[in-house]
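Every number for a ligand or one of its atoms is a count from 1 in the order of the listing. All values below were derived from every heavy atom in this structure, side-chain atoms included, with hydrogens, water molecules and symmetry-related copies excluded.
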Amino acid sequence: METCLRGRSFLDGKPLEIILSKGKIKFVSSAKTCPENVWMGPGFTDIQVNGYGGLDYNSIQSDVLALGQISRKLLQVGVTSHFPTIITNSPDKISALIRQVVQLRKMDPLANSCTTGIHIEGPFISPEDGPRGAHYREFVQSPDWELFKKWMEESEGLIRMITLSPEWEGSAAFIEKCVESGILVSIGHTNASHAQITEAVKAGARLSTHLGNGMHSIIARHPNYLWSQLAAENLSATIIADGFHLPAEVIQVFKKVKGEKLMLVSDSVALAGMPAADYEAAVGGKVTLTAEGKLHLFDNPKTLAGSAMNILQGVNFLLKNKLVALPEAWQMVSIRPQRLFDTHFDPFQFGQKADLILAEQLPDQTLKIFKVLKNGVKIPLD
Ligand SMILES: [Zn+2]
């Protein structure tokens with residue numbers, strides 16, 4: 001059975017017709033007309049998801065299948081693929097967390113289709129307070145290829161990227177080995193010097209993780225690791241656009257510098273998607289989630305305890321504040337992250353899996369999703 005969808009293209013707003021068959025794109029053509037306020041484009045890709053909706057990829061579950069709820073809850077907000085993100089921990093715990101995702105994917109076909117990679121964030125990051133962020137100090141270490149190779153094997157090829165700091169000796173050699181193995185290397189949680197960052201880029205690092213966060217609160221005017229990453233031509237960058245991690249003017253500057261190399265992640269923690277309340281968090285102890293979506297330490301509203309927004313809320317922050325127009329915002333959460341891993345990725349190509357979103361743009365510029373298709377199947381929205 002074939003399905004026909006009509007709407008405005010997420011790329012340029014031009015009327016488009018998409019024919020789907022057997023869960024895949026069959027044919028895409030321009031249309032003479034389409035409904036005025038229906039936008040169509042690929043589902044969102046979020047390459048940094050620690051958890052969502054009360055569930056956490058960073059804790060061992062008594063029932064692994066419970067983690068499948070993350071995929072289902074993210075589909076509700078248009079995220080059709082995401083990378084479970086495992087942060088700094090003991091080597092054995094990281095192994096166990098990787099195996100948990102592998103097991104989930106074998107038992108749950110939908111989660112299998114939604115989790116398209118694993119992102120390892122740490123433990124080869126900066127030990128320094130500030131750059132290290134909320135990562136456990138005791139498990140931070142220098143890059144260890146044998147260890148990382150073991151994790152890659154345990155992931156059965158699912159590890160697609162690693163966030164590390166090139167401030168450790170031997171970083172360049174480690175990065176080269178990652179690149180040879182098809183792993184995207186991203187710089188983050190770093191206190192590296194300009195020379196170390198330059199060397200990392202030369203070795204093949206291609207991305208900065210949540211640029212502007214995971215930093216000291218005060219840095220030298222120059223040189224510093226922010227200028228070095230902004231200046232590096234070959235570094236793309238992800239940012240958290242939840243309205244709390246970065247002020248709007250910083251996003252404006254990053255956009256001017258990075259252009260089409262700038263994209264979004266949610267970096268959501270387990271409490272994202274939960275009702276406003278005080279909670280006991282695995283990292284950070286007692287925390288408060290406000291109605292506006294700010295997650296902070298219970299006794300210190302100035303200290304963030306992770307991101308509690310999904311990537312659709314990030315898109316809507318950009319749109320509401322007129323930081324980018326709709327086509328660009330959509331690309332920042334779809335083709336840009338996808339093309340980090342597949343340079344030729346085209347969501348409308350024949351045979352591409354039909355992971356699509358239909359949405360309308362509200363008067364305040366934000367996007368309201370009213371249809372999500374995963375492998376061509378309509379997801380019932382709450
Ligand atoms: Zn981080």
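A donor atom on one side chain and an acceptor atom on the other are found under 3.5 Å apart for Ser126 and Glu167.
Within the 2.8 Å limit, Glu121 places at least one N, O or S atom next to the Zn ion (ligand 1). Counting backbone and side-chain atoms alike, His210 contributes an N/O/S atom closer than 2.8 Å to the Zn ion (ligand 1).
Remark: side-chain polar atoms of Glu328 are not paired, donor with acceptor, to backbone N or O of Leu326 under 3.5 angstrom. The backbone N or O of Glu36 lies less than 3.5 Å from a partner atom in the side chain of Arg8, making a donor-acceptor pair. Under a 3.5 Å cut-off, the side chain of Gln141 and the backbone N or O of Ile125 do not form any donor-acceptor pair.
Nearest N, O or S atom of His189 to the Zn ion (ligand 1): atom NE2.
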